[in-house]
Structures are given as C-alpha cells and as structure tokens.
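In what follows, every heavy atom counts, from backbone to side chain, and hydrogens, waters and symmetry copies are set aside. Not measured: the values here are computed from a predicted model.
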Amino acid sequence: MSANIYPVPESLTQGTYLSEETYKAMYDESVNNPEAFWAKQVEELDWYKTPTIIKNTDFSPEKCDIRWFEDGKLNASYNCIDRHLKDHAKKVAIFWEGDSPENSEKVTYQQLHYEVCKLANGLKKLGVKKGDRVAIYMPMVPHAAYAMLACARIGAVHSVIFGGFSPNAIADRINNSDAKVVITADEGRRAGRSVPLKANVDEALLNNACPSITAVLTHKLTGGQVNWNDDVDVWWHELTDECSGQCEPEVMDAEDPLFILYTSGSTGQPKGVVHTTGGYLLYTSLTFRYAFDYKPDDIYWCTADVGWITGHSYMTYGPLANGATQVFFEGVPTYPDIRRIAQVVEKYGVNSLYTAPTAIRALMAHGEKPVEGCDLSSLRILGSVGEPINPEAWQWYHKVIGQSRCPIIDSWWQTETGGMMIAPMPCATALKPGSATRPFFGIQPALFDAEGNELEDAAEGNLVIKDSWPSQARTVYGDHKRFIDTYFSAYPNVYFTGDGARRDTDDYYWITGRVDDVLNVSGHRLGTAEIESALVSHNVIAEAAVVGYPHDIKGQGIYVYVTPNDGVVADEALTLEIRKWVRKELSPIATPDLVQWTNGLPKTRSGKIMRRILRKIAANEYEQLGDTSTLADPTVVESLIDKRLNR
Ligand code: PRX
C-alpha cells in the first residue's frame, strides 16, 4: 500500500494556510475542545447576533437533540450575497454554461442580489412567509440558485426536488413537506433534448393531488409550449416585474430550518432531511475553503445538480458564502462530445473541479480523447464525490485530467452530514488512490462490528461518527422518531452512517459502500424499497426484489427479480414495458438494468426475502451463497442461478 502514496505536490506546500502541522493542531483542538474550536470558527460568518452558546448536542436514543450556535442570529442569503457587495459587487458569482456550448451567461454578485431580492419580494406577494415550505423543481440555471436564496432571504424553507424525478415522486415530496408554492421552469435541457418540467409538475398536481400548493411559479427558459391554469399558474418574470430589487433579509435563529432535502433510505418512502441555518452554513463555508484550498481569484466548478446535497453545499451555500466565482453547468459531461469537461475547464480557466466517479469512468473509457487539444493548465485541485472511486479511475483522473499535477480530494459525506466528513486537505494530506483519507475538523469516525464493539487500529467495520458536528441533519421532517431509528438506534450514542469502511495502519479511511439496502447508481442514491414499490404498482407484477450489482460505469447497476401474476406471459416486450414503467413512475435514474422473471423468490420459512442470496446471484457469485438451509423452498435458488442475467 505504501508504494502507492502521492505526496502533497511541491507547488501546494508553499504559502498555503493549512499545512500538515496546522491540520493536526486544528484537528486535535476540534475534537478535544470543540467548544473553543467552533467558538473561533463563528467568525467565518456575519451574524446579527454572534452566538455565545456553541454546542448543545445529545445523541441519546431517547432524545436526540442537536443544536449548534443556538443563540446566534443570521441570514444565509445575506452571508452568501450582501456581505460581498461592499468590495466585490462586480465580481462574477456564476458563469453559467448552457447545455449547448453556444449558450452562456455571467451573473455578478450585484446581479445575484438584484435577482434574489426581486424573487424574494415576489414570493412574499404569493403569500409565502417565514417557515413556509417552497418546493423547487428546476434545471441547472442560475434561477435555481436565485430560488433557493430567495427562500433563505425571507426565512422560507426550500425543498429542492431533483429535475429527473417523475410526477409521482414530485407529488410525494410536495405532500410530505406541505409546500405552499412550487417553483419550476417551462422545460429543462439535457444533451440536446428537452425535459418537460412544467408538464411534470402539472401532472403531479392533477386532481388536487397536492392540496397545499397555492401557486406554481414558472421560469420561462426555453419558451416551449406549456399548459396554463390561471388559478395557480404564475410566470416568474410577470410576478417579479414590478417587485423591488431590495429586500431586507429576515433575521433567523441559527437553528431555524434552512432547507429540507429528500433522500432514500433502506425502507419506505424517502426521508425529508432537515438542515438548519447557522451550523450548516458555517460548516459548508469552512469545508469549501479548506478542501479546495480556496483563493479569492479561483474559478471553481462543481458538476453536480442542485437537486442533490452536493448542489446545495458545494454549488450554492459553501462557494457563495466565500464570495467565490463558480461555473454552473446545465449539460452533461459527454455532450456534444466527450471533450466537454475539458473544453469548459479551458473556457473559464477552472482551477478546482469537483465531479463524480461515474463521470470519470465514462470518460476513462475513451483514453486520452476527452482532453485532446484542450488546455488544462489552469487546474490546481480535483475533487471526487458521491461514491467510492476505484483506484483505476482515480489514476486516470489524476494523470489525464490532472496532468499528474493536481491532488484529488476524494470527499466522503452524505445528505445527512451536510458537508464533507472525510477528505484530504490538498496542502496537508498525502493521497492514496481510493481512500478518502482523514476526517475534517470536529469529525470523529469510528468502526463498529455488528455486535456493537468498537474496533481499534487497522480494521474493517460499520462506519459511525462519535460526536456531533455543526452541519449534521437535525431531524427527518415531520418524523423525529424515524430520524432516531435510522441513525441512532443501531449503536447507541453515535451517528450510524449506513456505510462500511476500512481503516489502514496510517489511520486512513477507505469507504467500502453501503451496508444497508441503499443503492448508489451513477452517484445517485436510491432505495431498493422505492423501486420495488414502483414495480409492484404495475398490474402484471405479483412480487419484486431489487438489489445492486457491480457495474463498470455506474458503480452499481439495478438488478430486479420479479414474479408475474398468474397467467402473465413474461416476454421481452413485458421486460421493456417494466423498465419504462419504473422510469415513468419514479425516475429515469431508477430504470432497471437487468430484469429477471422468476416464479419464486428465496424466502425464509417466516416469509422474509433473503436478499443476501439475491445479491450474490446478481453479482454472478452464485458459488458462494453460504447457508441456504433456512429457505422455505431451496429449489427456487437453483432456478434463479440457472436463469441469472449477469454472466
Ligand atoms: O455510500 C456513501 C456514498 O454516497 C452516500 C451518500 O449519498 P448522498 O446522500 O446522495 O450524498 C452524496 C454526496 C455527498 C454515502 O453514504 N459516498 C459519497 N461520497 C463518497 C461515497 N462513497 C465513497 N467515497 C466517497 N467519496
């Protein structure tokens, strides 16, 4: 292992503010004396009232009450915009790069302020008040950031719904959060195709399916045809036309909710993870600055979508709180051709690029072609997020995109953690391909075995975090019990991540992937339960079980076992129909890769599906099934192996 170490590049050891020594000293203080450490960090933000109570957190399963900076008062939009205006009003906040390379735009901090204030006033006109929920279903245009920040400005709680979700998934999320208004666009654009955003919202709202919604606010992006209902529909430009470009920010408590973001779990419907204002903003601002060794003239580009946590923490709040200039990209890395990432890096002189292993693997398949003829000399730091990065992809990213010069910040974190938890510091941490390396300030990772014993030294086990950190989720919206059950009941008094990890002899962490029934498909987090529920809502399907299997590009693919109802002929046409069905019911990202029809599923005598067996067969590891003696009908397994699809 030690042969494969990448030391901090010489160019980054000079004149930077976070060397190995400072990292160690700050880390030690952050875990030994968190109160003192975080009391100093509050200077990161502008407060109406600087907090004096720093940490008040309790992980006990009876209570689970997490508060940071609780007597502090601030506004997130003020911190992301207004405080930069005095000296940097003309600085570009967003370079927007369209799906088509011919479309681009730039937005200065001054313009950002104007647009956000106008919309904030518009939302007030629609009756949105502090504490109300606003759903946002937008493509990757600056208006998505305006919408989030306008909510933050007036104290409304935004709930962004990924633009790839289907009408049913939109309705579920709107209803769970009781959103008052939904903000969308006529259409989105992706790789030259249009995405019917407004039409999807219309369908979600059909037959009064979302009774809490009083207005649908639509940004005219493509000018495409949309249906219009005067009772609820409002054009963004018409609403804001006469609104003032000044809007006083609402004074918020540090623990007031900033947003809800739905994410998939092992069971049931997605959970609305709640993040609050002070701790979240401080932690994302700080991690952004350190992990990307941010300097004021940097151009930063994160290729995520605002619909996911990365788009919240490291495209909206973290960079903007730092007054950074960033690229907002509407398109996909391979359109119009596989050099698009490199072309955008060259066009804007990008210094830090933060992307996902799935994009890296898709490009890697083309060797050096993705960078041919492009000048990538501006790049200084590369980041990776969303799923484990395999060492081959790491090395390709390092060599071909990073030209063997740029460190790779492989950052492990989750929707629930709000910000990066385990990640190298570019100027301090020697790298090992495939390892997220060491914890950020205040983060105390530990490994537990299934019996709840903490593992010491080099070991592999379930990853937990032993104490609270400022950007930790506070609850599941409307269901605190589910929050406690999911994260604090597997092991008492620690946060359970749902991931497995290995710690090596240098105390570096290697994330091995989820240990629960959550899939990670192309960096998109999906619950097997959600896909199963979409499947069984089709009238030909009696029963369904979904598992992940190793996939070269996507990391994990979706393998579906389905039992047809009596008399149904399961042929290729039906398989196609089922794949389309899941696409439509849930999302194109949830489309099954492999569909195996079967007359039965392996179950215990008490009727529980033995997923362990299904996972092994899907991975083509059918020779290592382990003990099958507890199955009600062991012959089912023979037939499943016989007809397995991943050979
Ligand atoms: O399994 C881990 C994986 O993604 C999960 C979190 O997904 P989500 O909440 O959608 O957030 C993704 C963006 C932060 C984790 O439980 N994951 C995320 N980053 C990494 C990772 N696995 C390995 N290495 C990473 N760097």
Any donor-acceptor pair under 3.5 Å from Gln414 side chain to Thr497 backbone: yes

Asn207 side chain vs Ala209 backbone, donor-acceptor pair below 3.5 Å: no

Audit row: Thr303, Val327, side-chain contact (heavy atoms from CB on, under 4.5 Å) steps and yes/no: CA-CA 8 Å; Thr303 66; Val327 177; over 6 Å; no

Over all atoms of both residues, closest heavy-atom pair of Ala191 and Val332: CB-CG2, 3.9 Å

Near-ring test Phe496/Tyr487, centroid separation under 6.0 angstrom: no

Full working for salt bridge (Lys or Arg N to Asp or Glu O under 4.0 Å) between Arg612 and Asp627: CA-CA 10 Å; Arg612 177 177 58 79; Asp627 181 15; over 6 Å; no

Tyr262 ring center within less than 6.0 Å of Trp308 ring center: no

Side-chain donor or acceptor of Thr604 paired with backbone N/O of Lys608 under 3.5 Å: yes

Note: Arg361-Glu387 ion pair, threshold 4.0 Å (strictly below): yes

Check against salt bridge (Lys or Arg N to Asp or Glu O under 4.0 Å), Glu621 and Arg647: CA-CA 9 Å; Glu621 291 170 359; Arg647 291 173 187 250; over 6 Å; no

Minimum side-chain heavy-atom gap Leu574-Trp597 below 4.5 Å: yes

Pair Trp412 and Tyr509, ring centroids less than 6.0 Å apart: no

Any side-chain heavy-atom pair of Ile484 and Lys481 under 4.5 Å: no

Side chain proximity check, Phe483 to Lys271, heavy atoms < 4.5 angstrom: no

Matching residue for Lys198 among Asn227, Asp186, Thr184, Asp233 - test: side-chain hydrogen bond (donor to acceptor under 3.5 Å, both in side chains): Asp233

Between OG1 on residue Thr563 and CD1 on residue Ile541, distance to nearest 0.5 Å: 9.0 Å

Candidates Asn520, Asp593, Thr358 - the one meeting side-chain hydrogen bond (donor to acceptor under 3.5 Å, both in side chains) with Lys554: Asp593

Exceeds 12 heavy-atom contacts within 6.0 angstrom, atom CD of Gln624: yes

Chi angles and distances behind the ring pair (Phe, Tyr, Trp, His ring centres under 6.0 Å) call for Tyr146, His219: CA-CA 11 Å; Tyr146 304 159; His219 165 52; 8.4 Å; no

Heavy-atom donor-acceptor pair, Ser194 side chain to Gly188 backbone, under 3.5 Å: no

Tyr280 ring center near Tyr317 ring center (under 6.0 Å): yes

Aromatic centroids of His275 and His312 separated by under 6.0 Å: no

Validation row: Ser489, Pro61 side chains within 4.5 angstrom (heavy atoms): no

CZ (Arg190) with more than 12 external heavy atoms under 6.0 Å: no

Donor-acceptor contact present, side-chain Trp396 to main-chain Gly367, <3.5 Å: yes

Gap between atom OG of Ser587 and atom CG of Asn168 - 0.5 Å precision: 11.5 Å

Donor-acceptor contact present, side-chain Arg340 to main-chain Asp99, <3.5 Å: yes

Geometric cation-pi criterion Lys220 and Trp235, 6.0 Å radius, 45° cone: yes

Salt-bridge criterion met for Arg579 and Glu572 (N-O under 4.0 Å): no

Side-chain H-bond candidate by donor/acceptor type, Ser100 with Tyr335, under 3.5 Å: no

Residues Glu638 and Lys643 bridged, charged N to O under 4.0 Å: no

Euclidean distance, Leu614 CG relative to Leu640 CG, rounded to 0.5 Å: 6.5 Å

Pairwise side-chain contact, Tyr137 with Ile170, heavy-atom cut-off 4.5 Å (strictly under): yes

Worked verdict on Val385 versus Thr355 for side-chain contact (heavy atoms from CB on, under 4.5 Å): CA-CA 6 Å; Val385 60; Thr355 191; over 6 Å; no

Sole residue of Ile183, Leu205, Val234 in side chain to side chain contact (heavy atoms under 4.5 Å, CB included) with Val216: Leu205

NE2-CG distance between His158 and Asp132, expressed to the nearest 0.5 angstrom: 14.0 Å

Test: Arg644 cationic atom under 6.0 Å from Tyr622 six-membered ring centre, within 45° of axis: yes

Audit row: Ile360, Ile389, side-chain contact (heavy atoms from CB on, under 4.5 Å) steps and yes/no: CA-CA 9 Å; Ile360 297 165; Ile389 179 164; 3.9 Å; yes

Closest non-hydrogen atom pair, Thr512 against Ala501: OG1-N, 3.5 Å

Polar side-chain atom of Glu330 near backbone of Trp96 as donor-acceptor pair, under 3.5 Å: no

cation_pi(Arg173, Phe165) dist<6.0 Å, angle<=45: yes

Crowding at CG, Asp552 (>12 non-hydrogen neighbours, <6.0 Å): no

Close side-chain approach of Glu532 and Val536, heavy atoms under 4.5 Å: no

Exam field: side chain Ser166 to backbone Lys584, donor-acceptor pair closer than 3.5 Å: yes

Main-chain N/O of Gln472 paired to Arg474 side chain as donor or acceptor, under 3.5 Å: yes

Side chains of Gln596 and Tyr559, donor plus acceptor under 3.5 Å: yes

Heavy atoms from other residues, nucleotides or ligands near CG of Asn565 exceed 12 (cutoff 6.0 Å): yes

Beyond-backbone contact of Pro101 with Pro336, side-chain heavy atoms, under 4.5 angstrom: yes

Donor-acceptor pair between His538 and Glu585 side chains, under 3.5 angstrom: no

Under 3.5 Å donor-acceptor, Arg525 side chain and Ser264 backbone: yes

CG on Leu261 to OH on Tyr477, rounded to 0.5 Å: 14.5 Å

Student check: side-chain heavy atoms of Ile174 and Ile213 closer than 4.5 Å: yes

Candidate pair Arg133 and Ser159, rule side-chain contact (heavy atoms from CB on, under 4.5 Å), full reasoning: CA-CA 7 Å; Arg133 275 78 56 212; Ser159 163; 5.6 Å; no

Euclidean distance, Leu217 CG relative to Met138 CE, rounded to 0.5 Å: 8.5 Å

Parallel, tilted or perpendicular: rings of Trp301 and Phe329 (30°, 60°): perpendicular

